[in-house]
**Student:** 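To start, I am sharing the structure in question, which I have written as structure tokens.
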Amino acid sequence: MEKVRAKKHLGQHFLKDLDAAKRIVDLYQDKNGNKLLLEIGPGMGVLTQYLVGRKELDLVLVEIDTESVVYLKKHFSFPEEKIIEGDFLKMEFDKTLQLAENQKFGIIGNFPYNISSQIFFKVLEHKDQIEEIVGMVQKEVGQRIASKHGNKDYGILSVLLQAFYDIEYSFTVLPGAFNPPPKVDSGVIRLVRNYDKVLDCDFKKFKLVVKTAFNQRRKMLSNALKPITNRADLPYANKRAEQLDYLQFVELTKLIFEMD
Ligand code: SAH
């Protein structure tokens with residue numbers, strides 16, 4: 001790899017461990033044969049070089065850093081429209097990816113850690129288009145997203161994502177695998193959309209209940225949910241947010257908003 005001048009504000013930590021890179025790429029299964037795969041933040045193309053070997057995939061890259069885009073154009077023979085210079089968070093999928101109606105796609109990347117939560121909130125906005133995600137994030141974030149209810153690190157993103165996706169924490173990558181090394185350990189997670197999981201309430205209201213409950217996560221739900229309800233007969237009133245699975249949050253949402 002050429003000498004790198006990583007831009008910290010863009011979360012640039014380039015993976016140099018090629019085995020880890022291969023493992024990440026191998027985790028992506030594209031079971032439903034969507035073909036279309038968006039790589040977020042390809043940087044110097046460490047994952048990209050293995051992804052292009054998978055001819056069954058139709059790969060599109062989105063990278064915010066001009067210098068990386070120039071590098072990628074020089075080293076890979078992608079048609080112009082497959083390398084998008086821009087911000088993933090601002091991307092309009094339908095337009096930029098020229099999605100056909102009902103077309104679904106996947107996401108892969110060694111994500112910029114400073115925006116990994118925002119990436120997953122955007123995934124949630126497009127949960128019916130995005131079927132599979134393989135991503136490297138800060139280890140704690142990955143563990144939190146995959147964490148089951150009853151655990152200390154179970155939080156807002158765990159509930160929201162688990163309501164739609166089957167999630168597994170796959171493996172840990174240590175700082176020495178990157179150039180420059182980040183201060184934290186990293187973890188790779190895989191999410192697969194599970195259509196058996198049908199949210200039996202309005203998503204916005206569900207999100208509001210989950211966020212409100214975790215806002216004061218140490219309090220019992222009877223107190224934590226005061227900002228949105230004063231029902232005396234609230235189920236799980238003496239439990240805390242981290243003790244409930246997504247179905248129990250659905251139950252709460254329906255009671256608070258839909259059956260009054
Ligand atoms: N995939 C590469 C680089 C990972 S570092 C590797 O594994 O080595 C994260 C990358 O995300 C950087 O290249 C950075 O420029 C890019 N990036 C940061 N913010 C972004 C955003 N909002 N949209 C798209 N790419 C972004």
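Start at 1 and go down the list; that is how both ligands and their atoms are numbered. All residue numbers in this chain count up from 1 along the given sequence.
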**Student:** Counting heavy atoms only, name the option from Tyr71, Phe88, Tyr113 that's nearest to atom 23 (N) of ligand 1.
**Tutor:** Phe88
**Student:** Using a 4.0 Å cutoff against the non-hydrogen atoms of Val62, which atoms of ligand 1 qualify?
**Tutor:**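 So the answer, numbered in order with elements, is 24 (C), 25 (N).
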**Student:** Without hydrogens or angle criteria, can the side chains of Asn34 and Glu131 be said to hold a donor-acceptor pair below 3.5 Å?
**Tutor:** yes
**Student:** Please classify the Ala21 to ligand 1 contact at 4.0 Å (heavy-atom distances, strictly less than): side chain, backbone, both or neither.
**Tutor:** neither
**Student:** Taking atom NZ of Lys122 as the centre, does the number of heavy atoms from other residues, nucleotides or ligands within less than 6.0 Å exceed 12?
**Tutor:** yes
**Student:** Within the structure, does Asp65 bring an N/O atom to less than 3.5 angstrom of an N/O atom in ligand 1?
**Tutor:**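 Between Asp65 and ligand 1 (N or O atoms, distance only) the closest approach is not under 3.5 Å.
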**Student:** To which of Ile119, Asn110, Ile115 does the heavy atom nearest atom 7 (O) of ligand 1 belong?
**Tutor:** Asn110
**Student:** Run the side chain to side chain donor-acceptor pair (under 3.5 Å) test against Asp185 and tell me which residues pass, sequence neighbours left out.
**Tutor:** none
**Student:** Is there a ring pair (Phe, Tyr, Trp, His ring centres under 6.0 Å) between Phe164 and Phe203 once you walk through the steps?
**Tutor:** CA-CA 11 Å; Phe164 304 99; Phe203 180 56; 5.5 Å; yes
**Student:** Enumerate the residue pairs fulfilling salt bridge (Lys or Arg N to Asp or Glu O under 4.0 Å) with a member in residues 53-73, sequence neighbours excluded, ordered by first and then second residue.
**Tutor:**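 Qualifying pairs, neighbours excluded: Arg5-Glu67, Lys7-Asp65, Lys7-Glu67, Arg54-Glu56, Asp58-Lys82, Lys73-Glu80.
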**Student:** Under 4.0 Å, heavy atoms only, figure out whether ligand 1 is touched by the backbone of His13, its side chain, both or neither.
**Tutor:**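 For His13, the contact with ligand 1 is made by the backbone alone.
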**Student:** Determine, using ring centers only, whether Phe206 and Tyr246 are less than 6.0 Å apart.
**Tutor:**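 Between Phe206 and Tyr246, which both carry aromatic rings, the centre distance is not below 6.0 Å.
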**Student:** Return a yes/no value for Ser68: is any of its N or O atoms, backbone included, closer than 3.5 angstrom to an N or O of ligand 1?
**Tutor:**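 Not met; the criterion fails.
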**Student:** Heavy-atom contact check, 4.0 Å cutoff: does Leu89 meet ligand 1?
**Tutor:** no
